[in-house]
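What you see is a predicted model; the values in this text were computed from it and never measured. Below, each value reflects all heavy atoms present in this structure, side chains not excepted, and no hydrogens, waters or symmetry copies.
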Amino acid sequence: MAPALTFFNSLIPPAGVRALKAEIEQQNSDGHNGMIIMNLLGGKIDEIGEGETAYPHRKAIVSAEYYLPLHPSASNAQIDTAQAKQNGFRQVMAPWSTGGAYVNYIDPLITDWQQAYYGEHYQKLQAVKNQYDPTNVFNHGQSILPA
């Protein structure tokens with residue numbers, strides 16, 4: 001199962017850190033022990049213009065990946081619970097994050113996935129999809145649809 005992930009364009013303020021800490025403590029008390037990986041961004045990533053590729057998160061300074069481990073024999077209900085808990089971190093941190101997500105970590109609970117994964121690039125990607133896969137052979141629940 002992929003983690004939930006979000007991006008931040010500025011430092012997380014003290015209120016955001018307190019909210020994150022409270023969510024960690026709540027999930028730990030519920031028996032959901034996971035981890036958060038904070039990835040520092042910038043440098044070469046933001047030297048490429050936002051319009052040069054389909055990756056819209058060039059100005060982010062950090063991303064956060066929220067993981068909950070599962071046993072290989074986890075039931076569908078356990079997987080659904082873990083996804084909801086991981087996505088809960090995205091919701092808690094929404095006031096401070098960009099709302100963006102990384103398409104390589106598909107999150108079925110993101111309802112505005114076109115914006116979260118692709119930002120303003122979605123329509124351009126639809127045109128590419130229309131040209132190379134107009135019958136939508138390559139698809140999944142959050143795949144780019146032909147224009």
Side-chain angles (χ1 to χ4, degrees), residues 1-13 16 19-20 22-24 26-28 30-147:
M1 182 177 73
L5 182 140
T6 196
F7 293 91
F8 300 87
N9 285 357
S10 58
L11 295 176
I12 301 169
L20 182 61
E23 182 67 12
I24 292 167
Q26 178 63 52
Q27 289 205 23
N28 284 342
D30 291 344
H32 299 286
N33 300 315
M35 67 179 163
I36 302 170
I37 298 173
M38 306 292 276
N39 299 295
L40 296 178
L41 304 172
K44 293 289 183 188
I45 291 173
D46 66 4
E47 287 181 10
I48 297 170
E50 287 186 12
E52 293 182 51
T53 71
Y55 182 80
H57 313 294
R58 299 277 171 201
K59 298 303 175 197
I61 62 169
V62 68
S63 68
E65 300 174 41
Y66 310 108
Y67 287 91
L68 283 174
L70 290 173
H71 190 274
S73 65
S75 69
N76 286 342
Q78 290 170 316
I79 293 169
D80 290 346
T81 296
Q83 283 180 325
K85 293 290 185 181
Q86 288 179 167
N87 193 272
F89 276 104
R90 280 181 51 81
Q91 302 308 313
V92 165
M93 298 307 292
W96 305 282
S97 78
T98 66
Y102 189 45
V103 69
N104 285 5
Y105 297 153
I106 296 294
D107 183 342
L109 301 179
I110 297 176
T111 56
D112 64 338
W113 57 268
Q114 297 93 335
Q115 180 64 33
Y117 297 144
Y118 306 111
E120 65 188 41
H121 304 294
Y122 185 74
Q123 290 179 335
K124 294 180 214 172
L125 293 166
Q126 279 188 300
V128 172
K129 175 80 171 191
N130 203 45
Q131 181 177 355
Y132 292 101
D133 185 19
T135 60
N136 203 25
V137 171
F138 300 101
N139 69 78
H140 57 80
Q142 292 183 342
S143 62
I144 296 168
L145 298 174

CG of Leu70 to CD of Gln78, rounded to nearest 0.5 Å, is 7.0 Å

Residues Ile106 and Gln142: closest non-hydrogen pair is CG2-OE1, 3.4 Å

Nearest heavy-atom contact between Ser63 and Leu41 is N-CD1, 3.9 Å

Heavy-atom nearest pair, Asn136 first then Ser143, reads OD1-OG, 4.4 Å

### Message
Can a donor-acceptor pair be found, under 3.5 Å and without considering hydrogens, that links the side chain of Asn9 to the backbone of Ala60?
### Response
yes

Donor-acceptor pairs are to be reported for all side-chain atoms of residues 90-104 against protein atoms at under 3.5 Å, with residues two or more places apart or in another chain.
{"unit_1": "Arg90", "atom_1": "NH1", "unit_2": "Leu5", "atom_2": "O", "d": "2.6"}
{"unit_1": "Arg90", "atom_1": "NH1", "unit_2": "Gly100", "atom_2": "O", "d": "3.2"}
{"unit_1": "Arg90", "atom_1": "NH2", "unit_2": "Gly99", "atom_2": "O", "d": "3.2"}
{"unit_1": "Gln91", "atom_1": "NE2", "unit_2": "Asn87", "atom_2": "OD1", "d": "3.0"}
{"unit_1": "Ser97", "atom_1": "OG", "unit_2": "Thr6", "atom_2": "OG1", "d": "3.3"}
{"unit_1": "Ser97", "atom_1": "OG", "unit_2": "Gly99", "atom_2": "N", "d": "3.1"}
{"unit_1": "Thr98", "atom_1": "OG1", "unit_2": "Phe7", "atom_2": "O", "d": "3.4"}
{"unit_1": "Thr98", "atom_1": "OG1", "unit_2": "Gly100", "atom_2": "N", "d": "2.9"}
{"unit_1": "Tyr102", "atom_1": "OH", "unit_2": "Asn104", "atom_2": "ND2", "d": "3.3"}

Q.
Can you confirm whether Leu20 sits close enough to Tyr66 that some side-chain heavy atom of one is under 4.5 Å from a side-chain heavy atom of the other?
A. yes

Does some side-chain heavy atom of Asp30 sit less than 4.5 Å from a side-chain heavy atom of Gln26?
yes

In this structure, CG of Leu145 is separated from CG of Asn130 (nearest 0.5 Å) by 10.5 Å

Side-chain touch Leu11/Ile61, heavy atoms, less than 4.5 angstrom: yes

Rounded to the nearest 0.5 angstrom, the CZ-CE distance for Phe8 and Met38 is 6.0 Å

If we ignore hydrogens and angles and just use 3.5 Å, is the side chain of Glu50 paired with the main-chain N or O of Pro56 as donor and acceptor?
no

When you measure from the side chain of Asp133 to the backbone of Val137, do you find a donor-acceptor pair of N or O atoms at a distance under 3.5 Å?
yes

message: Whether the side chain of Gln86 engages the backbone of Leu68 through a donor-acceptor N/O pair (distance < 3.5 Å, no angle test) should be reported.
response: yes

Heavy-atom closest pair (Pro134 atom, Pro146 atom, distance to 0.1 Å) is O-CG, 3.6 Å

Quiz item: Would you call the rings of Tyr67 and Tyr105 parallel, tilted or perpendicular, where under 30° means parallel and over 60° means perpendicular?
Solution: perpendicular

Requested in this report: Give me the ring orientation class for His57 and Tyr55: parallel if the planes are under 30° apart, tilted from 30 to 60°, perpendicular past 60°.
Outcome: perpendicular

Phe138 and Lys129, any side-chain heavy atoms less than 4.5 Å apart
yes

Hits for side-chain hydrogen bond (donor to acceptor under 3.5 Å, both in side chains) against Gln114, two or more places apart or cross-chain, chain-then-number order -> none

Do the side chain of Gln27 and the main chain of Lys85 share a donor and acceptor less than 3.5 angstrom apart?
yes

Side chains of Tyr122 and Ile144 in contact at under 4.5 Å (non-hydrogen atoms): yes

Interatomic distance, NE2@His121 vs CD@Gln115, rounded to 0.5 Å, equals 10.0 Å

Quick note, salt bridge (Lys or Arg N to Asp or Glu O under 4.0 Å) partners involving residues 62-84, not counting sequence neighbours, are none

